[in-house]
Amino acid sequence: MKALARSLFENNDVLFVARSLLGKTLWLQTETGLRAGIITETEAYAAQNDRACHAANGRRTARNEVMYGEAGRAYVYRCYGIHLLLNVVTAAVGKPEAVLIRALRPLGIEHNASVASGPGKLTKYLGISPQHNGIDLCDSPLWLSEGEEVPDEAVVFTPRIGVAYAGRDALLPYRCYIRGEKSVSRPLFPKYPLHI
DNA sequence: ACACAGATACTCT
DNA sequence: GAGTATCTGTGTC
């Protein structure tokens, strides 16, 4: 399946890209085989002004360096010491935005809808490793292709998960998922601690 | 159906 | 040293 063109990721509206990735197919070819899934849940992280973003206030470190680079590359980082999380870098070079891929409907083993129903679970399902950090999703064994059309009526927007530390930005509706999907990590609207 | 704790390692102060 | 874009198992209603 043909990889998506970089032009989609170069868009400077990260929420638009997050929504556009719903229904796309994510693939990873490893030594143990080819795995794929339909993206059913994403989150947008919007550069310097977004306090939930790793690049908030222009923070630039070894960890988040790829966010400042070319769109269409993978930003993989370790969370809670245990889980690897996969993002797609978006926007122009120097504008550190990314879309977190939060859930997949696995292809080939549809009976197990929950095997990739969360950002840490999907990287384990696909076989993502820290070495995938920075690789080009437009030309590598980790890539995106077309999948299913997702009409606007099927897209639900909610605040993002696990970013209460971001104050008012924790309330931004930057999470999107496909209504009715069994693989979504938290289909119902979550409870949010509201400290602004 | 929640609610909680524990795991675990890396990043940044 | 503190915090973390999470997941699982166990306990309670």
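All figures in this text were calculated on a predicted structure; none of them were measured in a lab. Side chains are part of it too, since the values below use all heavy atoms of this structure and drop only hydrogens, waters and symmetry mates. Chain naming here is simple, since letters A, B, ... match the order of the sequence lines and numbering starts at 1 in each.
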Original post:
Whole-Å distance between C:dT4 C1' and A:L84 CG?
Top reply: 14 Å
**OP:** Calculate, to the nearest 0.5 Å, the distance between atoms CZ and OG belonging to A:R105 and A:S117 respectively.
**Re:** 13.0 Å
**OP:** Round to the nearest Å and state the distance from A:Y80 atom OH to C:dA2 atom P.
**Re:** 17 Å
Subject >> Aromatic ring of A:Y45 stacked on base six-ring of C:dA5, 5.5 Å, 30° >> reply: yes
Original post:
Quick one: is the NZ or CZ of A:R60 closer than 6.0 Å to the six-membered ring centre of A:Y68, and within 45° of its axis?
Top reply: yes
Subject >> Minimum-distance nucleotide (side-chain atoms of A:P119 versus C:dT6, B:dT13, B:dT8) >> reply: C:dT6
Subject >> Distance in angstrom units between A:N64 CG and B:dC10 P, rounded >> reply: 17 Å
Original post:
Under 4.0 Å: is that the gap between some side-chain N or O of A:K121 and OP1 or OP2 of C:dT8?
Top reply: yes
Original post:
Reckon A:R102 has a side-chain N or O less than 4.0 Å from the OP1 or OP2 of C:dT6?
Top reply: yes
Subject >> d(NE2, A:H54; C1', B:dT11) in whole Å >> reply: 10 Å
Original post:
Taking atom CZ of A:R102 and atom CD1 of A:I161, what is their separation to the nearest 0.5 Å?
Top reply: 5.0 Å
**OP:** Return the value, rounded to whole Å, for the distance between atom CD of A:E43 and atom C1' of C:dT6.
**Re:** 12 Å
**OP:** When you get a sec, tell me which of C:dA5, B:dC10, C:dT6 is the closest nucleotide to the side chain of A:R78?
**Re:** B:dC10
**OP:** Following the transitive rule for hydrophobic clusters with a side-chain heavy-atom cut-off under 4.5 Å over Ile, Leu, Val, Met, Phe, Trp and Tyr, establish whether A:L122 and A:V115 coincide in one cluster.
**Re:** yes
**OP:** Would you kindly check if the NZ (Lys) or CZ (Arg) of A:R63 is within the cone defined by 45 degrees around the ring axis of A:Y75 and under 6.0 Å from the six-membered ring centre?
**Re:** no
Original post:
Roughly, in whole Å, what's the span from OH in A:Y165 to C1' in C:dT4?
Top reply: 8 Å
Subject >> Polar side chain donor-acceptor pair, A:T158 to A:R175, under 3.5 angstrom >> reply: yes
**OP:** Ignoring hydrogens and angles, answer whether the base of C:dA5 and the side-chain atoms of A:H83 contain a donor-acceptor pair closer than 3.5 Å.
**Re:** no
**OP:** In whole angstrom, give the distance that lies between atom CG of A:L86 and atom C1' of C:dT6.
**Re:** 15 Å
Original post:
Roughly how many Å is it from OH in A:Y77 to C1' in B:dT8, rounded to a whole number?
Top reply: 15 Å
**OP:** To the nearest 0.5 angstrom, please state how far the CG atom of A:L21 sits from the CD1 atom of A:I38.
**Re:** 12.0 Å
**OP:** Just call it for A:G81: base, sugar-phosphate, or nothing, with non-hydrogen atoms closer than 4.0 Å on any strand.
**Re:** base
Subject >> Nucleotide pairing, DNA chain C (Watson-Crick or G-U, distances under 3.5 Å), in dot-bracket with [ ] and | >> reply: ||||.|||||||.
